[in-house]
Asks: 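Here you go, one structure.
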Number of protein chains: 2
Amino acid sequence: MLETERHQMIIDALKNKNTVKLQELVELTNSSESTIRRDLTQLEEGKFLKRVHGGAARLQGKLQEPSMTEKSSKNLQAKRVIAQYAAGLVEEGDCIYLDAGSTVLEMIPFLPSTIVVVTNGLMHANELLDKKIKTFLIGGNIKPTTKAMIGRGALESLTHYRFDKCFMGVNGIHPQLGFTTPDQEEAMIKQEAISLSREAFVLADETKFSEISFAKIADLHAATILTNELDVETKEQYGSKTKIKVVTS
Amino acid sequence: MLETERHQMIIDALKNKNTVKLQELVELTNSSESTIRRDLTQLEEGKFLKRVHGGAARLQGKLQEPSMTEKSSKNLQAKRVIAQYAAGLVEEGDCIYLDAGSTVLEMIPFLPSTIVVVTNGLMHANELLDKKIKTFLIGGNIKPTTKAMIGRGALESLTHYRFDKCFMGVNGIHPQLGFTTPDQEEAMIKQEAISLSREAFVLADETKFSEISFAKIADLHAATILTNELDVETKEQYGSKTKIKVVTS
DNA sequence: CAAAAATCAATCAAAAACTTTCAATAACAT
DNA sequence: ATGTTATTGAAAGTTTTTGATTGATTTTTG
């Protein structure tokens, strides 16, 4: 989504200030008003800022970390659709686990606020607090790239909880090899979360199907897969035992 | 909601004062009375301030505990001085505990990067990661006002670690009653952190002396106090056993 | 308590900012 | 090269914001 050098300049201009005037951006980037307006419209769609009369304002929940933003720009629309559906599965009073990951992050705006959430994502915790949701963060070592809690401490913290439902992303879904992810430690956490939940949901856009990553999380029957599109031949590879819900917008 | 530069200026004007006159804002922002009135109406709807006859007043929703942002605006200079000195006490290779709190937060820019840090502050963890410092966050319930981890989980997470040094803020320092803070749960965490550390340091500007808050953390001899200024008669109330280091900038 | 002063809400025309549209230029693939 | 697409800047008309004016309301003063 941060396609041009201008986009980056605009984001940077908001790093230190809460608001920036359109005219300032025109001078800063040496482009016309029209161009800046178009940029602002795009950046607003990508949730990088909010347009206001006279310029742009920084979003309150600042999810503008470089590692995460790259991910969240891809298939963003699909992720939103899946995330919104997943959030709809959560009922008031539920106690749920949210795994760190960009798709799950998109669920948060749509969650009801009378729930209890346990998460291992630092950014997720921040977003949840902004929504005034009662939030627990499991302890442990912080993985810098994704700001997820991992390690022995995280695993042990988890065991103190039980969940009605858990939601997570994965990197690979394969008929025989099940759910996989690149990080061994994250895999262990996801595995534990599933086993502590009455119901488990995997949020996955169509690019994850038939992929295989390094560390196995669980077999396919352990969770219900929520996806946006799935062509027929891919779907046939998965037996009828596998629970797949195709979400249409 | 903070959409324009003016809105920001109005909020800032209330940062240091309790009330601000409409006429002051007119001069400060070079806009008309009408405009300021409209701004105040909007900002009141957004719960940023309260309109009063003649201007606007800061709203004091929270009884005892000022929010992190409010806190960090007061005595900022003194805090920086203390924080920078405290950070200088940390040696490369150390394993330290940083308690949630605005003064401790100011230490982070000055810390060496070859250390290991355990903290219960969500914001602190984020800052530490930006400095590429190896960071552990203890688990538990998140207190929305300060974004600090508290509760049973936090206390238990802590016990898995041992520290060379720990650093924390307090709300009250009293010759007989020791260190105190308004939140019982936070007090327990601070207490535990001290007992797990070879050396403990309390960062406190002069306003904390002879104050008493609700929950006791520890006796004065449990930690070394780092402060900026201390008049002689106050100092005499504390016995020679109490370790106080007065930091000069 | 009543008059005076100050502050406020409502209204309206001017100014500023916005959206839409379109032609010109730049980047791209054929 | 040639046609196609995407990006840009300018000009049109529309909407929002602004500041001055009005009279109503509140606070202060005598």
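Here is the naming used below: chain letters follow the sequence lines, and residue numbers restart at 1 for every chain. These numbers come from a predicted model, not from an experiment. Excluded from the calculations below are hydrogen atoms, water molecules and symmetry mates; all remaining heavy atoms, backbone and side chain alike, are included.
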Asks: Calculate the interatomic distance between B:Glu24 atom CD and C:dA6 atom P; express it in whole Å.
Replies: 16 Å

Asks: If you take all heavy atoms of B:Thr227 and B:Asp205, which pair is closest and at what distance?
Replies: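 Reported closest heavy-atom pair: OG1-C, 3.8 Å.
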
Asks: Nearest-Å distance, CG (A:Leu40) to C1' (D:dT7)?
Replies: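 Atom-to-atom, A:Leu40 to D:dT7, this comes out as 16 Å.
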
Asks: Under 4.0 Å between a side-chain nitrogen and a carboxylate oxygen: does that hold for A:Glu185 and A:Lys143?
Replies: no

Asks: Checking all strands, does A:Val26 fall into the base, sugar-phosphate, or nothing category for heavy-atom contacts under 4.0 angstrom?
Replies: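 Result for A:Val26 = nothing.
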
Asks: So which nucleotide from D:dG19, D:dT18, D:dG9 ends up closest to the side chain of B:Ser32?
Replies: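 Closest nucleotide among those given: D:dG19.
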
Asks: Give the rounded distance in Å between these two atoms: CZ of A:Arg38 and P of C:dC22.
Replies: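 Taking atom P of C:dC22 as the reference, CZ of A:Arg38 is at 14 Å.
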
Asks: C:dT11 P sits how many Å from B:Glu33 CD, rounded?
Replies: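 One finds 18 Å between P of C:dT11 and CD of B:Glu33, rounded.
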
Asks: Does any donor-acceptor pair link the side chain of B:Arg37 with the base of D:dG19 at a separation under 3.5 Å?
Replies: no

Asks: Of the nucleotides D:dA20, D:dG9, C:dC8, which one has an atom closest to the side chain of B:Ser34?
Replies: D:dA20

Asks: Whole-Å distance between C:dA15 P and A:Gln23 CD?
Replies: 18 Å

Asks: Between C:dC18, D:dT18, D:dG9, which nucleotide gets closest to the side-chain atoms of A:His53?
Replies: C:dC18

Asks: Rounded to whole angstrom units, what separation is found between the CG atom of B:Asp39 and the C1' atom of C:dC8?
Replies: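 Spelled out: CG on B:Asp39 to C1' on C:dC8 is 16 Å.
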
Asks: Hey, can you tell me if A:Tyr238 and A:Phe209 have their rings parallel, tilted or perpendicular (30° and 60° cut-offs)?
Replies: perpendicular

Asks: Sub-3.5 Å donor-acceptor pair from the side chain of B:Asn120 to the main-chain atoms of B:Ala148, do we have one?
Replies: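 Between the backbone of B:Ala148 and the side chain of B:Asn120 there is no qualifying donor-acceptor contact (under 3.5 Å).
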
Asks: Rounded to whole Å, how long is the line connecting atom NZ of A:Lys21 with atom P of D:dT17?
Replies: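 Whole-Å distance recorded here is 15 Å.
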
Asks: In terms of side-chain geometry, is the basic nitrogen of B:Glu5 or A:Lys17 positioned less than 4.0 Å from the acidic oxygen of its partner?
Replies: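 Answer for the salt bridge query: no.
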
Asks: Check the distance between D:dG19's P and B:Leu25's CG and give it to me in whole angstrom.
Replies: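 For the pair B:Leu25 CG and D:dG19 P, the rounded distance is 14 Å.
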
Asks: Heavy atoms from C-beta onward define the side chain here; which of D:dA11, C:dT19, D:dT18 lies closest to that of A:Arg51?
Replies: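 For the A:Arg51 side chain, the nearest candidate turns out to be C:dT19.
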
